[in-house]
Number of protein chains: 2
Amino acid sequence: MKLKEFAKQLGLSPTTVSRALSGYPEVSEVTRARVVQEAVRLGYRPNVNAVRLKTGRVGAIGVVMGRASEFHFAEFMAGMAERLITEDTDILVIPMANPEYDAEMQLYRRLAESQRVDAIIVHSPRPNDQRIALLHELGMPFLVHGRSDIDVPHPWLDIDNEGAVRRATSHLIDLGHTRIAMINGREGATYALHRDIGYRSALQSRGIEVDPQLIANGNFTDELGFRFARSFLEQPKRPTAFVAGSMMTALGIYRAARSLGLQIGRDVSVIAHDDVFPYLTADNMAPSLSATRSSMRAAGTRCADLVLQLLAGRSPTEIHELWPVELILRESTGPVRMPQT
Amino acid sequence: MKLKEFAKQLGLSPTTVSRALSGYPEVSEVTRARVVQEAVRLGYRPNVNAVRLKTGRVGAIGVVMGRASEFHFAEFMAGMAERLITEDTDILVIPMANPEYDAEMQLYRRLAESQRVDAIIVHSPRPNDQRIALLHELGMPFLVHGRSDIDVPHPWLDIDNEGAVRRATSHLIDLGHTRIAMINGREGATYALHRDIGYRSALQSRGIEVDPQLIANGNFTDELGFRFARSFLEQPKRPTAFVAGSMMTALGIYRAARSLGLQIGRDVSVIAHDDVFPYLTADNMAPSLSATRSSMRAAGTRCADLVLQLLAGRSPTEIHELWPVELILRESTGPVRMPQT
DNA sequence: ATATTTTCTCAAATCGATTTCAATTTTGGC
DNA sequence: GCCAAAATTGAAATCGATTTGAGAAAATAT
C-alpha cells in the first residue's frame with residue numbers, strides 16, 4: 001500500500017495524508033483523525049527508505065562491537081533497546097574484525113561516511129582516542145560511553161571509576177588491609193586508568209606503598225581472575241584483599257582462594273565491580289560479594305536517550321554525565337587476619 | 001558528493017558511473033577502472049537510502065532482542081559478526097519491549113513490512129510458532145535458530161538438544177544415579193521441550209520412573225539454579241545428580257550443594273549445557289564441569305552464512321542443519337554414593 | 001565501401017515518500 | 001451580505017540513486 005494509493009482511497013491528496021500522519025498543524029483534527037484511523041485499518045505505513053531518503057535521517061544508531069566483554073556489550077544494548085523501543089530508531093551493530101588501531105580508525109571512518117547511521121556510540125575510549133577526533137572532524141554525531149582526555153570536545157557519559165575504586169580500596173584499608181591486590185581491566189582504556197588512579201591514590205593517601213607485584217591487567221574473564229589471584233596468593237607475602245574489575249574476575253578469585261584453602265571474607269577479602277547482570281548477582285555469590293555497583297543497562301538506556309537529544313539538536317558540548325557508583329558491603333569483606341607466613 | 005556531480009566531473013553520465021560501480025558488464029574495463037579509482041579519490045559513495053529505496057535491498061539482517069538470556073544473544077551476534085564482516089551486510093537489533101504474544105507478532109509484522117531488513121533470524125522458536133507462519137506468509141526471508149514443528153516449511157539450524165540431554169542423562173544412569181534432577185529452560189520453547197524429551201526417554205529406556213518433583217523450568221540464571229537445586233536437595237529423597245540447561249544454572253547448583261555441605265562430583269553429580277563463553281569456561285570451574293557442549297558463536301557464524309545463501313537464492317526448504325552436541329566429562333560427575341537418609 | 005554486430009553511453013522514468021508554494025474553502029468582523 | 005483573514009487542501013518539485021530502452025561509436029563481416 002503506497003501513499004498515493006492510500007490517499008486516493010481516502011479521497012485526499014498525498015500531501016494532506018502525509019501531513020496528517022506526521023502531525024503537521026495545517027490539517028484539521030477531523031481529517032487527521034480519519035486519516036490515522038484509516039491508516040490503521042488499511043494497514044498503510046510509510047516506506048522507511050523513502051522517508052529516510054527524503055528527510056536525510058537514517059533512523060539508526062551505530063555501535064561497534066569489539067571482541068572483548070560481550071557480556072557488558074549485551075547488557076548495554078539491552079538498555080539502549082529499552083529506550084529506543086518507543087522511537088523509530090534501530091541499533092546497528094558493526095562488527096570489528098581487526099582490533100588493530102589503523103583498521104579500527106578505518107572502520108569508524110567508513111561507518112561515519114556511509115550514512116548508514118545517524119549517530120555513533122564510542123565504547124571503551126582511550127585517554128587520547130583518535131576515534132573521537134575523527135568523528136568530530138567528520139561532523140558525525142557521537143556519544144562516548146566513558147571518557148577521554150583528548151582535547152576535542154565530546155559528549156560523554158561515564159561512571160566514577162576513580163572514586164569507586166578509591167572508596168573500595170579505602171574501605172579495605174579501614175579494615176586493616178595493607179597488601180591489597182588490584183586486578184584491573186586491559187591497559188589502554190581510560191576506565192582502567194581511572195581505576196588505577198583511584199587505587200593508587202587511596203593507598204598513597206594512607207601512606208601505603210604501591211607494590212607493582214600486586215597489580216594485574218587483563219580481560220574480564222573467570223580464567224584470568226583465577227590465574228592472577230592464584231599467582232598473587234602464592235607469593236610469600238600474599239595479599240589479604242583484592243579489588244577486581246568484574247564479576248567474572250571475582251568468580252576466578254573465589255576459585256583461586258578456595259583452591260588454596262583460603263576462606264573468602266575471612267582469609268581474603270574481595271571487592272569487585274558489579275555491572276549488574278540479571279543472570280549473575282553479587283548478592284547470590286557464596287559468600288555474597290561486596291561490590292562497587294553501577295548498572296550497565298541503565299547506562300545503555302541513558303546513552304540512547306542522550307543520543308536522541310543530540311540528534312534533536314542539543315549541543316554536544318554540554319553533555320557530560322558522571323555517574324556515582326555505589327559501594328555495597330556484603331560478606332566477602334572483613335577485617336584483616338594476618339596470614340601465618 | 002552526489003552521483004550527478006561526480007559523473008559530471010568524470011565527463012560521464014550517471015548511468016555509466018552507476019553501472020561501473022555496481023559491476024555491470026556493459027561498461028568497458030578501462031572506464032570502470034577509472035571510475036572506481038576516481039570514486040575513491042574524490043570520496044564518492046552512493047547514498048545508502050537512495051539505493052535502498054530504488055533497489056529494495058537493505059543490506060541488513062534483523063534479529064529481535066528479547067529480554068532473557070542476553071549472554072547467549074551476545075555470543076550469537078558475535079558469531080554472526082564474524083561472518084558478516086567481509087560482506088556489506090549489517091546486523092540490525094530490534095528491541096522487543098513487550099514479551100506478550102500479540103505484541104510480539106505485531107513487532108515481527110512491522111519489521112517484515114518495514115523493509116528495514118533483508119532477512120530475519122528467529123530465536124527460541126516454540127513448537128507451534130506463529131512468527132514462522134507469519135514470515136512465511138509475508139514472503140520475508142528468514143532463518144530459524146532452533147526448530148518448530150509448525151507445518152510451514154522453514155529453514156533452520158538447531159543443535160541436537162534431545163540427543164545431548166539423553167546422552168547426559170544416560171551417562172549419569174550408567175554411573176548408578178537414579179534420582180536425577182533436571183533444571184531446564186523456560187517452558188514453551190522447542191529446545192526446552194526437546195531437552196525434556198531427551199531426559200524422559202533416557203530414564204524410561206532404563207526403567208526409571210520420572211519424578212515430576214525433580215523437574216524445574218526457568219530462566220538461565222545463577223539465582224534460579226541455586227533456588228531449584230537447594231529445594232531439590234532439601235527433599236527427603238534428594239537427587240544425586242543434576243542435568244542443567246546452562247553454565248549459569250550450574251554455578252547456582254554448585255553454590256547450593258556447597259551451602260549444604262555436599263561435594264560436587266562426589267555427593268552430587270552435575271552435567272550442564274555449555275554454550276562456550278570466552279569469559280566463563282566449564283574447564284575452569286571448581287571442580288571442573290562435565291558438560292554437553294555446542295558453540296553459540298559458531299551457530300551465529302553459520303546462521304549468518306545460511307542467511308546470505310538464502311538471500312543469494314538458495315531454496316529455504318532445503319536448509320535444515322542439526323548439529324551434534326559433544327558430551328565432555330570432567331570432575332563434576334562421579335559414581336553415585338547413596339545419601340545417608 | 002557498406003552492412004551487421006558488438007560495445008559503450010545516455011536521457012528519462014522510477015522507487016515512495018516530504019514539502020514548497022499556490023489555490024481554494026471557511027470563518028469572522030462589520 | 002461582503003471582504004479580509006485564517007484554515008485547509010493539492011499540484012508539482014525534490015531527495016539520490018538504478019535501470020529501461022534506445023542511440024552513437026567502434027569493430028567485424030561481406
Side-chain angles (χ1 to χ4, degrees), chain A residues 1-40 42-60 88-90 113-118 311-312, chain B residues 1-40 42-60 88 110 112-118 139 311:
Chain A
M1 169 81 63
K2 304 169 196 175
L3 172 58
K4 214 167 164 182
E5 197 182 331
F6 176 58
K8 186 169 287 176
Q9 292 217 15
L10 290 182
L12 292 172
S13 75
T15 314
T16 307
V17 172
S18 172
R19 278 179 178 146
L21 292 175
S22 316
Y24 278 66
E26 295 94 334
V27 58
S28 78
E29 277 312 319
V30 184
T31 310
R32 184 195 313 286
R34 187 165 71 98
V35 172
V36 169
Q37 187 188 332
E38 288 295 281
V40 172
L42 298 174
Y44 167 73
R45 295 180 61 85
N47 177 299
V48 209
N49 293 322
V51 174
R52 289 173 176 177
L53 170 59
K54 184 60 194 164
T55 62
R57 278 250 172 141
V58 180
D88 216 359
T89 303
D90 307 310
E113 285 172 348
S114 72
Q115 304 181 55
R116 284 183 305 183
V117 294
D118 291 319
L311 292 176
Chain B
M1 170 81 62
K2 304 168 194 175
L3 172 59
K4 215 167 165 181
E5 198 181 329
F6 176 58
K8 186 169 290 176
Q9 292 216 16
L10 289 182
L12 293 172
S13 76
T15 314
T16 307
V17 172
S18 173
R19 280 184 178 144
L21 291 176
S22 315
Y24 278 67
E26 295 94 334
V27 60
S28 75
E29 275 312 319
V30 185
T31 311
R32 184 195 313 285
R34 188 164 71 97
V35 171
V36 169
Q37 187 187 335
E38 288 296 280
V40 171
L42 297 173
Y44 168 73
R45 294 177 63 90
N47 178 298
V48 205
N49 291 323
V51 174
R52 289 175 177 175
L53 171 58
K54 182 60 194 170
T55 63
R57 276 247 171 143
V58 181
D88 214 0
R110 279 221 315 277
E113 286 172 347
S114 72
Q115 302 184 50
R116 284 183 304 186
V117 294
D118 293 321
L311 292 176

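Note that the structure is predicted; figures quoted are calculated from it, not measured.
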No-H, no-angle donor-acceptor pair, [X] side chain to [N] base, under 3.5 Å:
X: A/T15; N: C/dT19; value: yes
X: A/R19; N: D/dG10; value: yes
X: A/S22; N: C/dT18; value: no

Nucleotide nearest [X] when distance is taken to its side chain, options [options]:
X: B/T55; options: C/dA17, D/dT18, D/dG16; result: D/dT18
X: A/N47; options: C/dG16, C/dT9, D/dT9; result: C/dG16
X: B/L53; options: C/dT9, C/dT18, D/dG16; result: D/dG16
X: A/S13; options: D/dG16, D/dA11, D/dA17; result: D/dA11
X: A/V51; options: C/dT18, C/dT19, D/dA17; result: C/dT18
X: B/Y24; options: D/dT8, D/dT19, D/dA17; result: D/dT19

Separation of [N] [atom2] from [X] [atom1] (nearest whole Å):
X: B/E26; N: D/dG21; atom1: CD; atom2: C1'; answer: 12 Å
X: A/K8; N: D/dT9; atom1: NZ; atom2: P; answer: 19 Å
X: A/L21; N: C/dT18; atom1: CG; atom2: P; answer: 8 Å
X: A/R52; N: C/dC15; atom1: CZ; atom2: C1'; answer: 15 Å
X: A/N49; N: D/dT18; atom1: CG; atom2: P; answer: 14 Å
X: A/R32; N: D/dT9; atom1: CZ; atom2: C1'; answer: 14 Å

Within the pair [X] and [N], is there a side-chain N or O less than 4.0 Å away from OP1 or OP2?
X: A/T31; N: D/dT9; result: yes
X: B/S18; N: D/dT18; result: yes
X: B/T16; N: C/dC10; result: yes
X: A/Y44; N: C/dA17; result: yes
X: A/K54; N: D/dT14; result: no

- Query: From A/R52 CZ over to B/Q115 CD, what is the distance, rounded to the nearest 0.5 angstrom?
  - Reply: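 A/R52 atom CZ to B/Q115 atom CD measures 10.5 Å (nearest 0.5 Å).
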
- Query: Taking atom CG of B/N47 and atom NZ of B/K2, what is their separation to the nearest 0.5 Å?
  - Reply: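 Answer rounded to 0.5 Å: 10.0 Å.
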
- Message: For a quick test of reading the model, state the closest non-hydrogen atom pair linking B/D118 to B/G56 and the distance between them.
- Response: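 Here B/D118 and B/G56 meet closest at OD1-O, 4.2 Å.
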
- Between B/S114 and A/V48, what is the shortest heavy-atom contact and its length?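 Result for this residue pair: O-CG2, 2.6 Å.
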
- Message: With nearest nucleotide decided by heavy atoms, which residue, A/K4 or B/P14, maps closer to the 5′ end of DNA chain C?
- Response: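 It is B/P14 whose nearest nucleotide is closer to the 5' end.
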
- Message: With nearest nucleotide decided by heavy atoms, which residue, B/L3 or A/L12, maps closer to the 5′ end of DNA chain D?
- Response: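 Mapping each residue to its closest nucleotide by heavy atoms, the 5'-most match is A/L12.
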
- Query: Reckon A/R57 touches a base, only the sugar-phosphate, or nothing at all at heavy-atom distances under 4.0 Å?
  - Reply: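 It contacts nothing in the nucleic acid.
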
Side-chain donor-acceptor pairs under 3.5 Å in residues 4-15 of chain B, sequence neighbours left out?
from: B/S13; atom 1: OG; to: B/T15; atom 2: N; distance (Å): 3.4
from: B/S13; atom 1: OG; to: B/T16; atom 2: N; distance (Å): 3.3
from: B/S13; atom 1: OG; to: B/T16; atom 2: OG1; distance (Å): 3.1

- Exercise: do A/R57 and A/T55 side chains pair donor with acceptor under 3.5 Å: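 Not at all, the side chains of A/R57 and A/T55 share no donor-acceptor pair under 3.5 Å.
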
